[in-house]
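So the structure is just underneath, and the comments pick up after that.
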Amino acid sequence: MLLNTVIPLLAGGGFYYVFSPEVDFVKKLDLLLGTGFHMEIEGFSSVFRLIRYYGPDMFWTYALVFELYIVLENKSATVAAVIAVCFFAGLELLQLTSFAAGTFDPVDIAVSAAAAGAAVLVIKRYLRRK
């Protein structure tokens, strides 16, 4: 269960770090490290660009569902998924205000919902194997 939290967090953070040097936490990490390793996405395929723009949100939603499932003491994967999607939808909606940096994109909410659904399926499959 823990790997289903840690690996997606690292993957999402890694994507942001390498391909989004303009993101605040990436700038701060570069300052902390004194260097940066970033790549332009120009020249990459459209599929890769979709993964770059929506993958981190999917990874992080997936990880949050697993973490909430653990925190909720394995009560309900569906409840964990609903909380995670509401959380990420709220963050996305905050981008319409001056409270959060970024650009509102309703597709981010949709991909978060898809990732939460995938996490629920993985949890339920794991439970059936036990």
Side-chain angles (χ1 to χ4, degrees):
M1 286 287 196
L2 189 59
L3 288 176
N4 278 289
T5 301
V6 174
I7 292 171
L9 284 175
L10 293 174
F15 260 85
Y16 264 118
Y17 184 76
V18 173
F19 298 106
S20 300
E22 74 282 355
V23 173
D24 285 340
F25 92 85
V26 174
K27 289 178 185 177
K28 289 176 183 171
L29 190 56
D30 282 347
L31 283 173
L32 181 69
L33 297 174
T35 186
F37 175 77
H38 308 291
M39 295 175 62
E40 294 289 325
I41 63 168
E42 301 304 319
F44 282 98
S45 70
S46 298
V47 171
F48 180 82
R49 286 190 194 145
L50 284 172
I51 293 169
R52 182 271 171 245
Y53 288 115
Y54 299 113
D57 291 339
M58 292 180 78
F59 288 135
W60 290 346
T61 302
Y62 181 91
L64 183 58
V65 171
F66 271 88
E67 190 59 33
L68 287 168
Y69 183 72
I70 292 166
V71 168
L72 294 170
E73 298 176 349
N74 305 336
K75 297 278 192 257
S76 173
T78 303
V79 169
V82 169
I83 293 169
V85 171
C86 288
F87 175 76
F88 280 105
L91 289 178
E92 197 65 33
L93 290 169
L94 279 175
Q95 292 177 6
L96 292 170
T97 71
S98 60
F99 292 111
T103 304
F104 173 76
D105 184 355
V107 177
D108 282 340
I109 298 169
V111 298
S112 288
V120 169
L121 292 175
V122 170
I123 290 168
K124 290 186 178 203
R125 182 173 179 172
Y126 170 77
L127 293 175
R128 278 195 302 259
R129 295 172 113 185
K130 277 181 110 179

Exercise for the section: For the pair T61 (side chain) and M58 (backbone), establish whether a donor and an acceptor sit closer than 3.5 Å, ignoring hydrogens and angles. Expected result: no
Exercise for the section: Say whether F15 and F25 are linked into one hydrophobic cluster, either directly or through other cluster members, by side-chain heavy-atom distances under 4.5 angstrom. Expected result: yes
Practice task
Heavy atoms only: give me the nearest A116-V85 pair and the separation to one decimal.
Solution key: CB-CG2, 3.5 Å
Exercise for the section: Compare every heavy atom of V65 with every heavy atom of A77, then report the nearest pair and how far apart it is. Expected result: O-CG1, 4.3 Å
Exercise for the section: Evaluate the side chain to side chain contact (heavy atoms under 4.5 Å, CB included) criterion for residues F66 and L9: first the C-alpha distance (whole Å), next the side-chain angles of each, then the deciding distance (0.1 Å), finally the verdict. Expected result: CA-CA 11 Å; F66 271 88; L9 284 175; over 6 Å; no
Exercise for the section: Determine whether L68 and V79 fall in the same hydrophobic cluster, where Ile, Leu, Val, Met, Phe, Trp and Tyr are linked whenever their side-chain heavy atoms lie under 4.5 Å apart. Expected result: yes
Exercise for the section: For E22, look at atom CD and say whether over 12 heavy atoms of other residues, nucleotides or ligands are found less than 6.0 Å away. Expected result: yes
Exercise for the section: Would you give the length of the straight line joining atom CD1 of I83 to atom CD of E67, rounded to the nearest 0.5 angstrom? Expected result: 12.5 Å
Handout entry: D105-Y54 side chain donor-acceptor pair, cut-off 3.5 Å
Key = yes
Completion exercise
CD of E92 to CG of D108, rounded to nearest 0.5 Å, is 4.0 Å
Fill in the blank from the handout: Heavy-atom closest pair (Y62 atom, A115 atom, distance to 0.1 Å) is CD1-O, 3.8 Å
Problem - Test log, rule side-chain hydrogen bond (donor to acceptor under 3.5 Å, both in side chains), inputs N74 and Y69 - result: CA-CA 5 Å; N74 305 336; Y69 183 72; 4.5 Å; no
Handout entry: F19-F37 co-clustered via ILVMFWY side chain contacts under 4.5 Å
Key = yes
Handout entry: Validation row, ring centre F87 to ring centre W60 under 6.0 Å
Key = no
Exercise for the section: Give the intermediate values and the outcome of side-chain hydrogen bond (donor to acceptor under 3.5 Å, both in side chains) for residues Y17 and D30. Expected result: CA-CA 9 Å; Y17 184 76; D30 282 347; 2.6 Å; yes
Exercise for the section: Check step by step if side chain to side chain contact (heavy atoms under 4.5 Å, CB included) holds for N4 and Y126. Expected result: CA-CA 11 Å; N4 278 289; Y126 170 77; over 6 Å; no
Exercise for the section: Identify the two heavy atoms, one from L3 and one from P8, that lie closest to each other, and give their separation to 0.1 Å. Expected result: O-CD, 3.6 Å
Problem - Same apolar cluster: Y16 and V107, side chain cutoff 4.5 Å - result: yes
Exercise for the section: Establish whether V71 and L2 are linked, either directly or via other cluster members, by ILVMFWY side-chain heavy-atom contacts under 4.5 Å. Expected result: no
Exercise for the section: Carefully, step by step, assess L29 and L32 under the rule side chain to side chain contact (heavy atoms under 4.5 Å, CB included). Expected result: CA-CA 5 Å; L29 190 56; L32 181 69; 4.3 Å; yes
Handout entry: Stepwise side chain to side chain contact (heavy atoms under 4.5 Å, CB included) check, K124 with V120
Key = CA-CA 6 Å; K124 290 186 178 203; V120 169; 3.6 Å; yes
Handout entry: Over all atoms of both residues, closest heavy-atom pair of H38 and V26
Key = CE1-CG1, 3.4 Å
Practice task
Nearest 0.5 Å please: distance from the CG atom of L64 over to the CZ atom of F88.
Solution key: 5.5 Å
Practice task
Output the distance between atom CG (L93) and atom SG (C86), rounded to the nearest 0.5 Å.
Solution key: 10.5 Å
Handout entry: Minimum heavy-atom distance D24-A101, with the two atoms named
Key = OD2-CB, 4.4 Å
